Amino acid sequence: MTATTTARRMFELLEPICLVTYLAGESAEELTALGHRTYWDGYFASRAAPLGRVPAEVVDAAFYSFADGEVARHIPSAWETVPPETSFASWRRGSAASVRRILGDGLADSPGLARAADLVTVAATSAPVQGRVLYAGWRALPVPSDPVTRLWHSATMLREHRGDGHVAVLLGTGIGGAEAHVLSALEMGIHPPESFGRIHHLPRERLVEVMDGLRERGLVDAGGHFTDAGRETKQRIEDLTDELAAAPYDALSPAELDELFAALEPLTARLVAAGSR
């Protein structure tokens, strides 16, 4: 298995663990209980917390994919409501509770999960941080001792490592945040792509601007579908993202990688079956 194939396989195995944060209810309930007014207040307050109390402009730059002014509607006001470290702790606690509930005590307390958590943590704490702003913030945090929480924490650290690389690829390819959402929507079979949940709320004139720009570049046709060039561009972005996401797994031997795949597969299967909810 090549390094990029390993990175893709690990993404497929770890993503359902990370998605509980956004799809299951426990983390949102924890954040609401703290006093956050909206889902997005809690989201930005928690996900950006590893960066420290930086201005909205820094969060916007690191996250990359949000519309102009969107981050500033939540940062720093959400941190004034609840300290960032408090939001993060509740976000992580709720996420781990979701993983445990979905897996059930049998899987959650199994030696396989504990071993997976250990190996994922080795990978997550082993990659270079240069150029990886969000990942570097996570690396500065203590890793929790509870196996379920550690699995979620380290999986999400790897997700942010991958995300930092993905942003670098998008910048190098000249694809903006809204444009990236359009390409992802088309890859998922969503049409019209403007209806995708990450961008459908944008002003109509902004969506027209984004689609016109993609048409001018030959990536989308008049009907709002992929051109061959658009599909090739999206695949190239994913391939380069995999390549940049491979470094953490160099810390594991081939035997350890095989062990990790085997340990994660039943966990991921249970989470996928539940829709990470």
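None of these values were measured; they are calculated from a predicted model. Index from 1, following the sequence.
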Answer yes when [X] and [Y] have at least one side-chain N-carboxylate O distance shorter than 4.0 Å, and no when they do not.
X	Y	value
Arg231	Asp228	yes
Arg236	Glu243	no
Arg73	Asp41	no

[Y] and [X], any side-chain heavy atoms less than 4.5 Å apart:
X	Y	result
Leu252	Val122	yes
Leu134	Pro50	no
Arg100	Glu26	no

Has the side chain of [X] got a donor or acceptor atom that lies under 3.5 Å from a matching backbone atom of [Y]?
X	Y	result
Ser98	Gly94	yes
Ser184	His181	no
Arg139	Thr125	yes

Using the benzene-type ring in the case of Trp, are the ring centres of Tyr43 and Trp40 under 6.0 Å apart?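 Yes; Trp40 has its ring centre under 6.0 Å from that of Tyr43.
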Could you go step by step and tell me if Ser90 and Arg93 meet the side-chain hydrogen bond (donor to acceptor under 3.5 Å, both in side chains) rule? CA-CA 5 Å; Ser90 291; Arg93 184 168 57 249; 3.0 Å; yes
Centre of Tyr135's six-membered ring, under 6.0 Å away, within 45 degrees of the axis: is that where NZ or CZ of Arg162 sits?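 Arg162 over Tyr135 ring: no.
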Do Thr21 and Trp152 have a side chain donor and acceptor closer than 3.5 Å?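 Looking only at side-chain atoms, Trp152 and Thr21 do form a donor-acceptor pair, the distance falling under 3.5 Å.
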